[in-house]
K.L.:
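To start, I am sharing the structure in question, which I have written as structure tokens.
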Amino acid sequence: MIANMNPRQFKKLCAKAHALVIKIHPLYARRSWAPSEHDMTDRTWHAAGVLKGTKGFGGFNSDPEGSEWWDKSAWATLQDVADWHYVEWVDPDPNDEMASAQPVPNADLQPRCWRDYLVLGELMLLEKGGEA
């Protein structure tokens, strides 16, 4: 949860982020998830007193050693989507086949607060051709 934000505010922020993520990536609609009362005890992002019904995304990963459940708040998912969308991948040494590309954040689009992430989400949606 975001520091200095009460659970009700966080729930509303997650609802906005949830709608944006689904508009940006419609496949996330299949991973939509909101906790009920019995889910609140064992979910990691709910440890800080998140309200029942706070929107998020979850699913099973495809680990060859066995599937495990993962879940994130819609807010954390929007942060991940924005961070991955606006990162540039730079090859450290084009002559070295073993060197892997390194992520370099776009200096012009460094979010400083939660409002910046909502704006980046709306920018992604406009780039995609949708309406914010």
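Side chains are part of it too, since the values below use all heavy atoms of this structure and drop only hydrogens, waters and symmetry mates.
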K.L.:
Among residues at least two apart in sequence or on other chains, which ones pass side chain to side chain contact (heavy atoms under 4.5 Å, CB included) with A76?
P.N.:
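Scan of A76 (side chain to side chain contact (heavy atoms under 4.5 Å, CB included), adjacent residues dropped) gives K72, S73, Q79.
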
K.L.:
Between L27 and I22, is the side chain to side chain contact (heavy atoms under 4.5 Å, CB included) condition met? List the steps.
P.N.:
CA-CA 7 Å; L27 291 177; I22 289 178; over 6 Å; no

K.L.:
Roughly how far, to the nearest 0.5 Å, is the CD atom of E122 from the NZ atom of K16?
P.N.:
9.0 Å

K.L.:
As a quick check of understanding, evaluate ring pair (Phe, Tyr, Trp, His ring centres under 6.0 Å) for F57 and H18, giving each step before the final call.
P.N.:
CA-CA 8 Å; F57 297 96; H18 187 267; 4.8 Å; yes

K.L.:
Any chance you could lay out the side chain to side chain contact (heavy atoms under 4.5 Å, CB included) test for H85 and E127, step after step, and finish with the verdict?
P.N.:
CA-CA 11 Å; H85 183 79; E127 287 173 6; 2.9 Å; yes

K.L.:
Taking all heavy atoms of K128 and all of P26, pick out the closest pair and write down the distance.
P.N.:
NZ-CD, 3.4 Å

K.L.:
Supply the atom-to-atom distance L78 CG to D83 CG, rounded to the nearest 0.5 angstrom.
P.N.:
9.0 Å

K.L.:
Between L13 and Y117, is the side chain to side chain contact (heavy atoms under 4.5 Å, CB included) condition met? List the steps.
P.N.:
CA-CA 11 Å; L13 182 62; Y117 275 106; over 6 Å; no

K.L.:
Going by the rule side chain to side chain contact (heavy atoms under 4.5 Å, CB included), which residues pair with R8 if we only count those two or more places apart in sequence or in a different chain?
P.N.:
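Expected list: N6, K12, L51.
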
K.L.:
One pair to check against side chain to side chain contact (heavy atoms under 4.5 Å, CB included): V81 and L20. What are the steps and the verdict?
P.N.:
CA-CA 10 Å; V81 168; L20 270 174; over 6 Å; no

K.L.:
What is the minimum heavy-atom distance between V21 and A74, and which atoms define it?
P.N.:
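Heavy-atom minimum between the residues: CG2-O, 4.4 Å.
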
K.L.:
Could you give the distance from CG (L120) to CG (L125), rounded to the nearest 0.5 Å?
P.N.:
12.5 Å

